[in-house]
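These notes concern the structure reproduced below.
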Amino acid sequence: MQITRNGLDTNPGPSDWFTGAVYLDTIAAPSNQSRTGAASVHFTPGARTAWHTHPHGQTIWVTEGVGLCQSDGGPIEVIRPGDRVFFEPGENHWHGAAPTRFMSHIAMQQANDAGEVVAWGAHVSDEQYGHAPSITEGAN
C-alpha cells in the first residue's frame with residue numbers, strides 16, 4: 001500500500017490544451033507500477049479542452065456543475081453530475097463547462113508504451129462551441 005498525502009498544488013491548465021480558465025488537481029500519474037493517469041479538472045463557465053485523443057480511451061466522471069462534450073462529427077451533449085462518458089481509443093473529442101455554469105470532472109486514462117496519455121489538437125472555436133444545446137433541455 002502506498003499513501004500519497006495531499007501536498008500537490010492546484011495548477012492552471014495550459015493554454016495549449018484549454019480555452020478559458022481551467023484548473024487541474026493530479027490524482028494519479030502513470031508510472032512503472034501503473035499506466036493509469038487521473039486528474040480532477042475544474043472548468044470555469046465557457047472553459048473547455050482543445051480537441052484531443054487518447055491512445056487507450058478516456059473516461060470522465062462529472063462530479064459537479066453542468067458541462068458539454070462532443071465527439072468529432074457528433075452532436076454536442078450536455079453532461080451533469082454522476083454522468084460518465086467514455087471516449088474510445090483514438091476518438092477525437094472535447095469537453096468542458098456550459099457557458100453559464102462551472103463543471104468539474106474526474107478524467108481517467110491509460111498511458112501507451114511510450115508513456116503518452118493524450119494527443120492534443122486544435123482549439124474548439126467559439127463558433128463550434130456556440131452550437132451547444134440549451135442546458136435546460138432534458139434537465140431532470
Side-chain angles (χ1 to χ4, degrees):
M1 176 171 67
Q2 177 182 2
I3 298 174
T4 302
R5 301 291 178 197
N6 185 2
L8 298 175
D9 292 335
T10 297
N11 291 299
S15 60
D16 289 352
W17 300 355
F18 301 101
T19 297
V22 176
Y23 298 90
L24 307 169
D25 287 305
T26 300
I27 296 171
S31 68
N32 289 337
Q33 289 78 32
S34 173
R35 289 184 176 209
T36 302
S40 180
V41 187
H42 314 275
F43 296 85
T44 59
R48 56 201 179 264
T49 68
W51 289 98
H52 62 286
T53 63
H54 299 275
H56 292 288
Q58 179 186 47
T59 297
I60 63 172
W61 178 51
V62 181
T63 56
E64 62 183 321
V66 179
L68 304 170
C69 63
Q70 182 180 29
S71 180
D72 198 4
I76 299 174
E77 300 286 348
V78 176
I79 51 177
R80 299 179 183 283
D83 289 350
R84 295 168 307 283
V85 181
F86 177 68
F87 300 101
E88 295 285 342
E91 182 177 4
N92 197 31
H93 68 281
W94 65 268
H95 35 95
T100 60
R101 296 290 303 269
F102 287 89
M103 190 271 289
S104 293
H105 68 53
I106 305 296
M108 300 163 274
Q109 54 278 320
Q110 288 188 5
N112 62 15
D113 290 339
E116 301 160 331
V117 295
V118 62
W120 292 101
H123 282 273
V124 175
S125 70
D126 290 342
E127 180 182 352
Q128 290 170 316
Y129 181 80
H131 289 289
S134 167
I135 62 171
T136 59
E137 293 177 19
N140 294 338

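These numbers come from a predicted model, not from an experiment. Quick note: numbers below take in every heavy atom, side chains included, and nothing from hydrogens, waters or symmetry partners. Starting from 1, each residue takes its place in the sequence as its number.
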If two hydrophobic side chains count as joined below 4.5 Å and joins carry through other members, does F18 share a cluster with V118? yes
So, does Q109 use its side chain to make a donor-acceptor pair with the main chain of G37 at under 3.5 Å? yes
Sequence neighbours excluded, the answer for side-chain hydrogen bond (donor to acceptor under 3.5 Å, both in side chains) partners of R35 is D113
Kindly list each side-chain donor-acceptor pair under 3.5 angstrom involving residues 19-27, sequence neighbours excluded, with atom names and distances?
unit_1, atom_1, unit_2, atom_2, d
T19, OG1, H123, ND1, 3.1
D25, OD1, T10, OG1, 2.5
D25, OD2, H42, NE2, 2.9

Is there a chain of hydrophobic side chains (I, L, V, M, F, W, Y, each step under 4.5 Å between heavy atoms) that links V41 to I79? yes
What side-chain donor-acceptor pairs closer than 3.5 Å can you find for residues 89-99, not counting sequence neighbours?
unit_1, atom_1, unit_2, atom_2, d
E91, OE1, E88, N, 2.6
E91, OE2, S71, OG, 2.6
N92, OD1, H52, N, 3.4
N92, ND2, D72, OD2, 3.4
H93, ND1, H52, O, 3.2
H93, ND1, E91, O, 2.8
H93, NE2, H52, NE2, 3.0
H93, NE2, Q58, OE1, 3.1
W94, NE1, Q70, OE1, 2.7
H95, ND1, H105, NE2, 3.0
H95, NE2, H52, NE2, 3.3
H95, NE2, Q58, OE1, 3.1

Cluster check V117, V85: I/L/V/M/F/W/Y, side chain < 4.5 angstrom: yes
Just how far is it from atom CD of E64 to atom CZ of F43, taken to the nearest 0.5 Å? 12.0 Å
Within the distance-only criterion (no hydrogens, no angle test), does the side chain of T44 pair as donor or acceptor with the backbone N or O of A47 below 3.5 angstrom? no
Do I60 and F87 come within less than 4.5 Å of each other through their side chains, counting heavy atoms only? yes
Closest heavy-atom pair and its distance - A50, W120: O-CZ3, 3.8 Å
Going by the salt bridge (charged side-chain N to carboxylate O under 4.0 Å, His left out) test, which pairs reach into residues 115-129, not counting sequence neighbours? R48-D126
Once you round to the nearest 0.5 Å, how far does OH of Y129 lie from CD1 of I76? 8.5 Å
Listing request: all salt bridge (charged side-chain N to carboxylate O under 4.0 Å, His left out) pairs with a residue in residues 95-111, at least two apart in sequence or in separate chains. none
Rounding to 0.5 Å, atoms CD1 (I106) and OG1 (T59) come to a distance of 12.0 Å
With M103 as partner, the option from T63, V66, L68, V62 fulfilling side chain to side chain contact (heavy atoms under 4.5 Å, CB included) is V62
Give a yes or no on whether W17 and W51 share a hydrophobic cluster (residues Ile, Leu, Val, Met, Phe, Trp, Tyr; joining criterion: side-chain heavy atoms under 4.5 Å apart). no
Taking salt bridge (Lys or Arg N to Asp or Glu O under 4.0 Å) as the definition, give me every residue that meets it alongside D9, ordered by chain and number, with sequence neighbours left out. none
